[in-house]
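Below, read A as the first sequence line, B as the second, and so on, with proteins coming before strands; counting in each chain starts at 1. For the numbers below, each heavy atom of this structure counts, side chains included, while hydrogens, waters and symmetry mates do not.
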Amino acid sequence: MSTPARRRLMRDFKRLQEDPPTGVSGAPTDNNIMIWNAVIFGPHDTPFEDGTFKLTIEFTEEYPNKPPTVRFVSKMFHPNVYADGGICLDILQNRWSPTYDVSAILTSIQSLLSDPNPNSPANAMAAQLYKENRREYEKRVKACVEQSFID
Amino acid sequence: MEQNSDNHDELTIKQQKEIEKEINEQFALISEKIPIEILNDEYADDPVYRQKVQDISSKYRYMRKIRPDGNCFYRAFGFTTLEYLIKNKEEFKKFRQVIEQSKAKLIELNFPQFTIDDFYDTIMEVINKVEPSDTQDVNKVLDELYKLFNEQAYSDYIVVYLRLITSGKLQEEAEFYSNFIEGNYTSLLDFCKKEVEPMYKESDHIHIIAICAALGCAVRVVYMDRGSQSEVIAHDFPDCPDNNPSVSLLYRPNHYDVLYQ
């Protein structure tokens with residue numbers, strides 16, 4: 001059955017294939033267009049470089065009026081990522097706009113990796129190390145990068 | 001970027017969903033025209049409000065209730081404006097032109113064309129479907145409008161597009177509108193991203209001023225609140241002496257409905 005959410009997700013997918021942004025990819029799962037798998041490659045010149053981080057994106061029939069739920073499946077060490085992989089990012093919450101598509105969501109998460117916001121921590125330890133002990137922060141991030149090859 | 005831990009709390013999300021479901025079951029997106037006296041039922045034990053209902057009844061005979069989902073202003077405004085335009089062919093044409101030109105303006109303001117196309121196409125489809133013609137019975141067209149606005153897919157995408165037009169107008173005249181922004185916003189754009197573009201966010205004076213300016217429309221809002229005076233206060237948008245709006249909305253704290261004389 002075609003609904004506005006499903007039609008829009010087909011368009012999002014088509015656009016992601018035809019005009020893929022650098023360093024992100026995503027596709028619906030085989031049997032359900034409402035659940036997507038995605039990968040974000042760690043941005044260059046950040047401790048996340050070379051990592052391949054997997055995520056799931058879950059949409060409801062209210063998309064794009066409401067944002068999807070996005071979670072990292074790969075283990076992450078980042079000030080704005082919760083232990084369960086949930087992401088604290090304004091455009092997925094109080095600044096969501098129906099004009100964002102999957103491509104915009106993934107590129108925003110990618111830039112969150114480059115520019116964490118330690119003032120609204122989802123992971124207090126990561127936020128503290130990011131502010132006070134950048135070397136240790138980078139060491140912990142690099143462990144996630146290594147882990148992301150195995151996952 | 002900021003924290004919004006509420007959204008991470010699954011219990012809260014579950015509760016929100018239940019409340020939404022209840023509201024959706026209880027209210028159509030837009031109700032039939034009903035006698036204004038129906039408001040008395042809501043305020044059986046409330047002398048302050050009953051007196052105000054009496055005052056409104058002397059000026060308006062009917063109303064339509066709009067689903068209280070935070071989108072009520074745009075839904076009410078969009079519906080009753082089109083309802084009026086269907087009966088006024090020349091003005092309908094002008095309105096159509098304004099909408100047609102709005103997309104290019106939004107793209108110029110950096111809204112992504114890929115996604116705004118959907119919303120623009122939907123509002124244009126509705127405008128085409130209800131365009132008045134000499135051969136068609138006006139009442140049939142009005143029925144069609146009522147049907148379309150009660151179909152979630154059409155109705156919500158129209159609300160989205162009206163929100164984008166409002167945001168576009170605010171950004172276009174950022175210098176002017178920044179003077180009216182109160183609260184904890186880093187910029188006018190920040191306000192638009194938090195209070196205008198997201199669905200289910202309620203509207204205030206500034207939204208109404210902007211959308212009227214963008215579309216060249218006028219609306220009278222009748223305010224009914226706990227204030228001690230026995231008469232209700234009406235406010236016209238835009239606020240100028242020769243403005244006599246053809247459509248009216250009823251405002252009660254945090255909610256808009258449509259009024260008819």
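A heavy-atom distance below 4.5 Å is found between the side chains of A:Arg95 and B:Asp190. Between B:Lys193 and A:Trp96 the shortest side-chain heavy-atom distance does not fall below 4.5 Å.
Taking CE from B:Met199 and CG from A:Asn65, the interatomic distance works out to 4.0 Å, rounded to the nearest 0.5 Å. In this structure, the separation between CG on B:Asp117 and OG1 on A:Thr99 is 12.5 Å, given to the nearest 0.5 Å.
Within the 4.5 angstrom heavy-atom criterion, only side-chain atoms of B:Pro112, from C-beta onward, approach chain A. Contact annotation for B:Gln113: neither backbone nor side-chain heavy atoms come within less than 4.5 Å of a heavy atom of chain A. Within the 4.5 angstrom heavy-atom criterion, no atom of A:Arg7 approaches chain B.
The environment of NZ in A:Lys66 is crowded: more than 12 heavy-atom neighbours from other residues, nucleotides or ligands sit within 6.0 Å. Crowding of B:Lys17 atom NZ: a count of heavy atoms from other residues, nucleotides or ligands under 6.0 Å not exceeding 12. Around atom CG of B:Asn110, no more than 12 heavy atoms belonging to other residues, nucleotides or ligands sit under 6.0 Å away. Shown here is A:His44, whose NE2 atom has no more than 12 heavy atoms of other residues, nucleotides or ligands within 6.0 Å. Remark: B:Glu175 CD is loosely packed, at most 12 non-hydrogen atoms of other residues, nucleotides or ligands lying under 6.0 Å away. Within 6.0 Å of CG in B:Asn184 there are 12 or fewer heavy atoms belonging to other residues, nucleotides or ligands. Other residues, nucleotides and ligands place more than 12 heavy atoms under 6.0 Å from the CG atom of A:Asn32.
Identified by a heavy-atom distance below 4.5 Å to chain A, the contributing residues of residues 148-160 of chain B are B:Ala153, B:Asp156, B:Tyr157, B:Val160, in residue-number order. Within residues 22-30 of chain B, no residue approaches chain A closer than 4.5 Å by heavy atoms.
Under a 3.5 Å cut-off, the side chain of A:Arg11 and the backbone N or O of B:Phe114 do form a donor-acceptor pair.
Contacts of A:Lys131 classified as salt bridge (charged side-chain N to carboxylate O under 4.0 Å, His left out), with partners at least two apart in sequence or in another chain: none.
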Exercise for review: Dump the intermediate steps for side chain to side chain contact (heavy atoms under 4.5 Å, CB included) on B:Lys194 and A:Asp90, then the final yes or no.
Suggested key: CA-CA 9 Å; B:Lys194 284 178 184 156; A:Asp90 55 2; over 6 Å; no
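Closest heavy-atom contact between A:Pro98 and B:Phe119: O-CZ, 3.5 Å.
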Got a list of side-chain donor-acceptor pairs under 3.5 Å for residues 14-27 of chain A, not counting sequence neighbours?
residue: A:Arg15; atom: NH1; partner: A:Asp101; partner atom: OD2; Å: 2.6

